[in-house]
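What follows is one structure encoded as structure tokens, with my remarks underneath.
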Amino acid sequence: MAFEFNRNIEDQNYISEFALADGGSNSAVFDLEQIVGGDIEAIASAIVIPAAAGVPDDETVTFAVKDSADGTTFADLTPAVSVVATGASGTGIPASEHRFRFPPATRRYVRLEVTNSGTITATENVTFKLLF
């Protein structure tokens with residue numbers, strides 16, 4: 001049995017809600033206030049994906065968490081943390097929530113980047129948040 005736990009406390013400073021837009025979109029940038037070391041694995045994060053009927057069949061939408069040392073240039077986490085949703089059955093993508101802990105090598109700044117492979121007309125909001 002693991003001794004680690006997460007109280008799932010949300011801090012309004014670490015919740016970003018943004019539109020699921022054609023061509024992609026990004027969450028706000030979160031400063032983890034960590035340069036070297038620390039207890040980064042103790043911070044959990046959640047990606048809350050809404051049901052989006054405006055995503056055509058076979059259209060893929062990728063939700064990828066990126067990190068940065070300077071808050072400007074972002075790259076995939078190592079190991080990568082991403083979710084792919086595909087439109088199907090004429091109903092778009094289903095609602096889902098995905099939680100994870102950050103890998104030990106996560107750099108100081110993080111954000112969620114959303115990209116799509118074609119054209120979507122969704123207007124729903126995606127939520128990216130940190131949990132303490």
Side-chain angles (χ1 to χ4, degrees):
M1 173 183 286
F3 291 104
E4 61 187 59
F5 67 95
N6 185 298
R7 295 178 290 171
N8 296 320
I9 296 172
E10 295 181 7
D11 181 331
Q12 293 301 311
N13 294 320
Y14 294 100
I15 297 175
S16 178
E17 190 171 293
F18 59 102
L20 181 60
D22 186 39
S25 52
N26 299 321
S27 72
V29 175
F30 296 146
D31 184 350
L32 300 177
E33 300 175 10
Q34 169 173 304
I35 298 173
V36 176
D39 195 14
I40 192 70
E41 301 96 342
I43 301 173
S45 183
I47 302 169
V48 182
I49 302 169
V55 178
D57 289 359
D58 299 323
E59 174 73 25
T60 59
V61 182
T62 303
F63 304 84
V65 180
K66 309 279 185 157
D67 73 347
S68 170
D70 60 9
T72 304
T73 306
F74 286 83
D76 290 331
L77 290 177
T78 304
V81 174
S82 65
V83 176
V84 176
T86 303
S89 305
T91 59
I93 59 174
S96 61
E97 182 171 338
H98 307 273
R99 292 179 180 225
F100 60 91
R101 293 190 186 277
F102 288 104
T106 301
R107 295 177 294 171
R108 181 172 178 167
Y109 301 93
V110 295
R111 76 177 180 194
L112 179 66
E113 292 184 7
V114 180
T115 56
N116 55 288
S117 62
T119 301
I120 64 173
T121 57
T123 57
E124 292 79 7
N125 287 333
V126 177
T127 303
F128 179 54
K129 57 187 172 182
L130 302 186
L131 305 169
F132 302 92

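Because only heavy atoms are used, hydrogens play no part in the values below, and waters and symmetry mates are left out as well, while side chains stay in. None of the values given here were measured: they were computed from a predicted structure.
Here the options are Leu77, Val83, Thr78, the test is side-chain contact (heavy atoms from CB on, under 4.5 Å), and the partner is Val81; only Leu77 passes.
Not a single donor-acceptor pair under 3.5 Å links the side chain of Asp67 to the backbone N or O of Tyr109. With hydrogens and angles disregarded, no donor-acceptor distance shorter than 3.5 Å links the side chain of Thr127 to the backbone of Val48. The backbone N or O of Ala52 lies less than 3.5 Å from no partner atom in the side chain of Glu124, so there is not a single donor-acceptor pair.
Atom OG of Ser45 sits about 11.0 Å away from atom CZ of Arg101, to the nearest 0.5 Å. To the nearest 0.5 Å, the span separating OG1 on Thr73 from CZ on Arg107 amounts to 8.5 Å. A distance of 4.0 Å separates CD1 of Ile15 from CD of Glu10, quoted to the nearest 0.5 Å.
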Residue pair Leu32, Leu130: steps toward the side chain to side chain contact (heavy atoms under 4.5 Å, CB included) verdict:
CA-CA 10 Å; Leu32 300 177; Leu130 302 186; 3.6 Å; yes
Using the side-chain hydrogen bond (donor to acceptor under 3.5 Å, both in side chains) rule, take Thr62 and Ser82 through it: C-alpha gap first, then chi angles, then the decisive distance, then the call.
CA-CA 7 Å; Thr62 303; Ser82 65; over 6 Å; no
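Closest non-hydrogen pair, Ala21 versus Asn116, comes out as O-OD1, 3.7 Å. Smallest separation of non-hydrogen atoms from Arg111 and Ala28: CB-O, 3.7 Å. The two residues Ser68 and Asp70 make their nearest non-hydrogen contact at OG-OD1, 2.8 Å. For the pair Arg108 and Asp31, the tightest heavy-atom approach, listed with the atom from each and the gap, is NE-OD1, 2.7 Å. Ile93 and Thr86 get closest at one heavy-atom pair: CG2-C, 3.6 Å. Taking each heavy atom of Asp57 and Ser89 in turn, the nearest pair found is OD1-N, 3.3 Å.
Between Ile47 and Glu97 the shortest side-chain heavy-atom distance does not fall below 4.5 Å. For the pair Phe63/Leu112, a side-chain contact is recorded, criterion being any heavy-atom separation below 4.5 Å from C-beta on. Contact check for Tyr14 versus Val110: no side-chain heavy atoms found under the 4.5 Å cut-off. Pro50 has its side chain within reach of Val126: a pair of non-hydrogen atoms, C-beta onward, lies under 4.5 Å apart.
Aromatic ring orientation, Phe128 versus Phe100: parallel (interplanar angle below 30°, classes split at 30° and 60°).
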